[in-house]
Amino acid sequence: MDLGPFPHADGWDEAVDRDATNPLLSQREAFVVDDPDLLYLDGNSLGRLPTAALDDVEDTSRRQWGDRLIRSWNEGWWEQQLRLGDLLAPIIGARAGEVIVSESTTTNLFKLAVAAMRARPDRSVVLTDDLNFPTDNYALAGAAELLGDGRRVRTARSPDGINGATDALLAALDEDVALLSLSHTCFKSGFVYDLPRLTAAAHEAGALVLWDLSHSAGSVPVGLAAHDVDLAVGCTYKYLNGGPGSPAFLYVREDLQSQLDNPIAGWWGHEDPFGFDLEFRPTDGIRRFHVGTMPMLSLNAIEAGVRQVAEVGIDTIREVSISLTSFLVEQADAHLAELGFTVASPRDAARRGSHVSLAHPDGWPITRALIEEAAVLPDFRAPDNLRLGIAPLYVSHQMIHTAVQRIAAVVRDGLHERYRGTTAAVT
């Protein structure tokens, strides 16, 4: 099929004009791009590889591990997750000493949820919503079951499966709620919650707040310190471009660090880890919420992506993201609506993150056809969402225009029909 570009199609001139003033257009040069025809629109699942990360991994492997061996623990390894936390902190609006790169997002969420529930022993409810990433709800339910004493998860329902359950959450914040835990940017629709409003409402009700920033970190300003957020977690492999399965991060507001206990006591959180005492004594500061030995190859691979986002600035990234996703919505209305697509993300840019979901009854076979035959790489979320992740550091308006035209061609030409009934382990 014709891979474009498609200068004859409506919207091309506008795409060119918008890219002419795009302050991030040159940032794409900082990434590995082996196939120039591939339109990679899955940065909300796995970010592209920064070229600088190749050097970091090479140095970690050959010099730090190969030559320096165990000496590297005293030459930077031991403190790296703290340094990366401080580098990441401004991206999510936190202060130095409030963020650490540690374990996985689910593990971090479980640790902080248990700590928060223990800090509110007279309250039994963890409040969340049905747009939360399912593994978060699994972890919250597991934490409640572990602690017992009638603790339970209460789930507020979205009014339409796209927009968050703000009104229902506000109505449910009562004296029984110990913790409000939500995804700041919802994984399927891209809806972005009003973090200041819900955080303030939870505090007024006497509850703590735990935000999952996995789809916000690196794409949406958060303002944790400015809005007095208690706790947060997030991954580094999406818009922070840290690499597949790269370690996650957690945030604990400074004044809470001495008040909360890490329920998974591990030697890296001990005040004297090399004293090898049999009794656990938690260290001070954010490190007390860490557990065990870090995987240095993947930890060091994170730095290049985080540093790039920090240097560019989250406000600039957000400005370009709004322009890109708004253009995508416009192009979907103009070229895809007549083919059965509907926009399954908020149309209000202030309430939309950096991905756009397009619903279609044949969403899965269309996704497969795009990947296999049209050089467009999105992802799919059941039951019918074709999800397009728009990473502003390497996606342009012209790419979006071309991708929409390729999507339209796949459906018009019926290329998706041959993928009906196919399956894949990862969608």
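This chain uses plain numbering: 1 for the first residue, then up along the sequence.
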Practice item. Begin from the C-alpha positions of F249 and I100 and carry the test side chain to side chain contact (heavy atoms under 4.5 Å, CB included) through to its verdict. Key: CA-CA 6 Å; F249 65 87; I100 189 170; over 6 Å; no

With distance as the sole criterion, is a donor-acceptor pair present between the side chains of [X] and [Y] under 3.5 Å?
X: S124; Y: D176; answer: no
X: S246; Y: S298; answer: no
X: T367; Y: R387; answer: no
X: Q257; Y: D284; answer: no

Checking [X] now: which residues fulfil side chain to side chain contact (heavy atoms under 4.5 Å, CB included) with it, not counting sequence neighbours?
X: A337; answer: none
X: E79; answer: L82, R83, R287
X: A205; answer: L173
X: E319; answer: none

Exercise for review: Carefully, step by step, assess D67 and R63 under the rule salt bridge (Lys or Arg N to Asp or Glu O under 4.0 Å).
Suggested key: CA-CA 5 Å; D67 176 36; R63 184 184 65 83; over 6 Å; no

Tell me, please, which residues at least two apart from [X] pass side-chain hydrogen bond (donor to acceptor under 3.5 Å, both in side chains).
X: N163; value: D160
X: D277; value: R281
X: S326; value: R352
X: S323; value: R18, H397

**Study point:** Among L328, N44, L41, L324, the one residue meeting side-chain contact (heavy atoms from CB on, under 4.5 Å) with V356
**Key:**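 Among the candidates, only L328 passes.
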
Check your understanding: Can you tell which of D129, T128, N132 makes a side chain to side chain donor-acceptor pair (under 3.5 Å) with S183?
Key ->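 Filter result, single survivor: N132.
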
Could you give all pairs that pass the salt bridge (Lys or Arg N to Asp or Glu O under 4.0 Å) test and reach [range], with sequence neighbours left out?
range: residues 355-365; value: D362-R420
range: residues 299-309; value: E303-R307
range: residues 109-123; value: E103-K111
range: residues 227-242; value: D228-R253, D230-R253

Practice item. Decide if atom CZ of R62 counts as having more than 12 heavy atoms of other residues, nucleotides or ligands within a radius under 6.0 Å. Key: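 No, because the 6.0 Å sphere around CZ of R62 holds 12 heavy atoms or fewer from other groups.
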
**Study point:** Side-chain ion pair, R154 and D174, N-O less than 4.0 Å
**Key:**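 Yes.
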
Review point. Under a 4.0 Å N-O cut-off, is there an ion pair linking R347 with D333?
Key: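 The answer is yes: the pair qualifies as a salt bridge.
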
Given 3.5 Å as the limit, does a donor-acceptor pair link the side chain of [X] with the main chain of [Y], or not?
X: S72; Y: E75; answer: no
X: N108; Y: S104; answer: yes
X: W211; Y: G234; answer: no
X: H270; Y: P282; answer: no
X: S357; Y: K188; answer: yes
X: D35; Y: D37; answer: yes
X: D19; Y: N22; answer: no
X: T283; Y: E271; answer: no
X: R151; Y: G148; answer: yes
X: S321; Y: I317; answer: no

4.5 Å side-chain heavy-atom contact, [X] and [Y]:
X: H215; Y: C186; answer: no
X: V376; Y: P378; answer: yes
X: L140; Y: F110; answer: no
X: P295; Y: P247; answer: yes

Exercise for review: Start with the C-alpha distance between S189 and S345, add both sets of side-chain angles, then the distance that settles side chain to side chain donor-acceptor pair (under 3.5 Å), and finish with yes or no.
Suggested key: CA-CA 5 Å; S189 71; S345 292; 5.7 Å; no

Please work out which of the three classes, parallel, tilted or perpendicular, describes the rings of [Y] and [X], given edges at 30° and 60°.
X: H360; Y: H416; answer: perpendicular
X: Y394; Y: Y40; answer: tilted
X: W78; Y: W268; answer: tilted

Practice item. Please report the C-alpha distance between F31 and T51 in whole Å, then the side-chain angles of each, then the deciding distance to 0.1 Å, and finally whether the side chain to side chain contact (heavy atoms under 4.5 Å, CB included) criterion is met. Key: CA-CA 5 Å; F31 295 90; T51 54; 5.6 Å; no

Heavy-atom pair with the smallest gap, counting every atom of [X] and [Y]:
X: L112; Y: Y251; result: CD1-O, 3.9 Å
X: S181; Y: L109; result: OG-CD1, 4.2 Å
X: A301; Y: V57; result: CB-CG2, 3.7 Å
X: G266; Y: F280; result: O-CE1, 3.3 Å
X: D130; Y: S158; result: OD1-N, 2.9 Å
X: H355; Y: F187; result: NE2-O, 3.2 Å

Point to revise | Steps toward side chain to side chain donor-acceptor pair (under 3.5 Å) verdict (S102, H290) | key: CA-CA 6 Å; S102 171; H290 187 64; 2.8 Å; yes

Point to revise | Verdict with supporting geometry, L46 and D42, side chain to side chain contact (heavy atoms under 4.5 Å, CB included) | key: CA-CA 6 Å; L46 174 65; D42 205 9; 6.0 Å; no

Check your understanding: Is the ring centre of F274 less than 6.0 Å from the ring centre of W267?
Key ->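 Judged by ring-centre distance (under 6.0 Å), F274 and W267 do meet the cut-off.
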
Practice item. Any chance you could lay out the side chain to side chain contact (heavy atoms under 4.5 Å, CB included) test for Q80 and M294, step after step, and finish with the verdict? Key: CA-CA 9 Å; Q80 178 69 334; M294 291 299 293; over 6 Å; no

